[in-house]
Amino acid sequence: MKPNNLVHSIVLAWGWQRRSIAFAAGAISALAMAPFNAWLVLFLTFPVLVLLIDGIASRGWSGLIAAADIGWWFGFGYFLAGLYWLGCAFLVDAATFGWLLPFAVLGLPAILAIYTALAVVVARLLWQRGAMRILALAACLTATEWLRGHAFTGFPWNAFGYAPFAAGRSGRAYARRPRWLWRRSAGAHPNQAC
């Protein structure tokens, strides 16, 4: 399939195909996190999300509902693939806690996907043709990721911004800080001995 045909098929998808594409793009995005650390995959999956938003033809409330639908399925795929491991805790004593496994593995990603849906809805309100739409989506995702880490759930796990800093790269950057800055970030006074 030619790249141009692929773009058109993503933009023109509707119904369950649109939801499946959003879910798959979100799930593939989880490869950016540990243990895979394939953060460059986000340069493929976020453009798919942009194309799906571009394909929303309706205006008004129906356009916002379509944007929320796309955002929720993208977020659900991302959090389902990225947080599957939470279910392992319920298998330690499966006879007692096993019945909670579907609620944790499906319920938490479903709730967290609301934040992604909110980001896509607000981005859709700011949507314009050109590069500004990408900046709008990035700003809205950043704001809702911050909101997710601070409000209601307080669950900042698997934020999209963590991806480039996976596999110890952030730790090496932290170790290269001047000693006084390291102490300050650790909560010590700059003149205090280590």
Side-chain angles (χ1 to χ4, degrees), residues 10-11 13 18-19 21-34 36-86 104-167 169-171 173-174 185:
I10 293 171
V11 170
R18 177 179 285 280
R19 291 180 186 107
I21 293 169
F23 178 82
I28 292 169
S29 295
L31 293 173
M33 300 298 169
F36 301 103
N37 300 321
W39 61 275
L40 291 174
V41 76
L42 295 176
F43 288 101
L44 297 174
T45 57
F46 279 125
V48 169
L49 181 60
V50 170
L51 291 173
L52 289 170
I53 299 169
D54 279 342
I56 299 173
S58 53
R59 301 278 181 221
W61 284 108
S62 60
L64 295 179
I65 291 170
D69 188 46
I70 291 167
W72 189 87
W73 280 102
F74 184 89
F76 184 64
Y78 176 71
F79 291 116
L80 185 66
L83 299 175
Y84 72 91
W85 53 269
L86 290 174
V105 173
L106 297 175
L108 182 62
I111 292 169
L112 294 176
I114 294 170
Y115 290 100
T116 311
L118 177 64
V120 173
V121 166
V122 175
R124 174 71 175 144
L125 288 171
L126 305 171
W127 209 251
Q128 301 174 16
R129 294 290 175 191
M132 289 305 292
R133 72 188 200 272
I134 296 167
L135 292 175
L137 181 62
C140 292
L141 283 171
T142 300
T144 56
E145 287 294 310
W146 180 89
L147 185 66
R148 180 170 63 93
H150 289 83
F152 304 120
T153 63
F155 191 74
W157 203 270
N158 274 19
F160 295 117
Y162 290 169
F165 302 105
R169 286 188 289 276
S170 62
Y174 191 81
S185 63

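Keep in mind the model is a prediction, meaning the values are calculated, not measured.
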Asker: Heavy atoms only: give me the nearest G82-A30 pair and the separation to one decimal.
Answerer: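 Shortest heavy-atom contact: N-CB, 3.8 Å.
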Asker: Hey, mind stepping through V41 and F36 against side-chain contact (heavy atoms from CB on, under 4.5 Å) and telling me if it holds?
Answerer: CA-CA 11 Å; V41 76; F36 301 103; over 6 Å; no
Asker: List the atom of R18, the atom of V11, and the distance in Å for their closest heavy-atom pair.
Answerer: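 Closest approach of R18 to V11: NH2-O, 3.3 Å.
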Asker: Is F155 close to R148 at the side-chain level, that is, under 4.5 Å between some pair of heavy atoms?
Answerer: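 Yes, their side chains come closer than 4.5 Å.
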Asker: Are the side chains of I28 and L44 in contact, using a 4.5 Å heavy-atom criterion?
Answerer: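 Contact flag for L44/I28 side chains = no.
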Asker: What's the verdict on side-chain contact (heavy atoms from CB on, under 4.5 Å) for L51 and I21, showing C-alpha distance, side-chain angles and the deciding distance?
Answerer: CA-CA 11 Å; L51 291 173; I21 293 169; over 6 Å; no
Asker: Should T116 and T144 be marked as a side-chain contact (heavy atoms from CB on, under 4.5 Å) after you check the CA-CA gap, both sets of side-chain angles, and the distance that decides it?
Answerer: CA-CA 7 Å; T116 311; T144 56; over 6 Å; no
Asker: Tell me, do I70 and L49 make a side-chain contact under 4.5 Å, heavy atoms counted?
Answerer: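 Yes. Closest side-chain heavy atoms under 4.5 Å.
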Asker: I need the minimum non-hydrogen distance between T45 and F74, along with the two atoms involved.
Answerer: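 Heavy-atom minimum between the residues: O-CE1, 4.0 Å.
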Asker: At what distance, to the nearest 0.5 angstrom, does CD1 of I53 lie from CD1 of I134?
Answerer: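 These two atoms lie 10.5 Å from each other.
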Asker: Mind checking what makes ring pair (Phe, Tyr, Trp, His ring centres under 6.0 Å) contact with Y78, not counting sequence neighbours?
Answerer: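 Y78: ring pair (Phe, Tyr, Trp, His ring centres under 6.0 Å) contacts with F160.
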Asker: How close do A138 and T142 get, heavy atom to heavy atom, and via which atoms?
Answerer: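 Of all heavy-atom pairs spanning A138 and T142, the closest is O-OG1, 2.7 Å.
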Asker: Parallel, tilted or perpendicular: which fits the ring planes of W73 and F76, with parallel below 30° and perpendicular above 60°?
Answerer: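 W73 and F76: perpendicular rings.
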Asker: Taking the side chain as every heavy atom from C-beta outward, state whether L83 and L112 have any atom pair closer than 4.5 Å.
Answerer: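 Sidechains of L112 and L83: in contact.
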Asker: For the pair Y162 (side chain) and P156 (backbone), establish whether a donor and an acceptor sit closer than 3.5 Å, ignoring hydrogens and angles.
Answerer: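 Checking the backbone N and O of P156 against the side chain of Y162, a donor-acceptor pair under 3.5 Å is found.
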Asker: Any side-chain heavy atom of F79 sitting closer than 4.5 Å to one from L108?
Answerer: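 Result no, sub-4.5 Å side-chain heavy-atom pair not found.
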Asker: With a cut-off of 3.5 Å and sequence neighbours excluded, list every side-chain donor-acceptor pair involving residues 54-66.
Answerer:
{"unit_1": "D54", "atom_1": "OD1", "unit_2": "W127", "atom_2": "NE1", "d": "2.9"}
{"unit_1": "D54", "atom_1": "OD1", "unit_2": "R129", "atom_2": "NH1", "d": "3.3"}
{"unit_1": "D54", "atom_1": "OD1", "unit_2": "R133", "atom_2": "NE", "d": "3.2"}
{"unit_1": "D54", "atom_1": "OD2", "unit_2": "R133", "atom_2": "NE", "d": "3.3"}
{"unit_1": "D54", "atom_1": "OD2", "unit_2": "R133", "atom_2": "NH2", "d": "3.2"}
{"unit_1": "S58", "atom_1": "OG", "unit_2": "S62", "atom_2": "OG", "d": "3.4"}
{"unit_1": "S58", "atom_1": "OG", "unit_2": "G63", "atom_2": "N", "d": "3.4"}
{"unit_1": "S62", "atom_1": "OG", "unit_2": "R59", "atom_2": "O", "d": "3.2"}

Asker: With rounding to the nearest 0.5 Å, note down the distance linking CG in L137 to CZ in R124.
Answerer: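 Going from the CG atom of L137 to the CZ atom of R124 covers 12.5 Å.
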Asker: If I compare all heavy atoms of A117 with all of A68, which pair ends up nearest, and what's the gap?
Answerer: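 The pair with the smallest heavy-atom distance is CB-O, 3.4 Å.
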Asker: Using a 4.5 Å cut-off on heavy atoms from C-beta on, say whether the side chain of L42 contacts that of L31.
Answerer: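 Heavy-atom side-chain distance check fails, nothing below 4.5 Å.
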Asker: Ignoring hydrogens, what is the shortest heavy-atom contact between A123 and C140? Give both atom names and the distance.
Answerer: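 Reported closest heavy-atom pair: N-SG, 3.5 Å.
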Asker: So do the side chains of W72 and V120 get within less than 4.5 Å of each other, counting heavy atoms only?
Answerer: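 They are not in side-chain contact.
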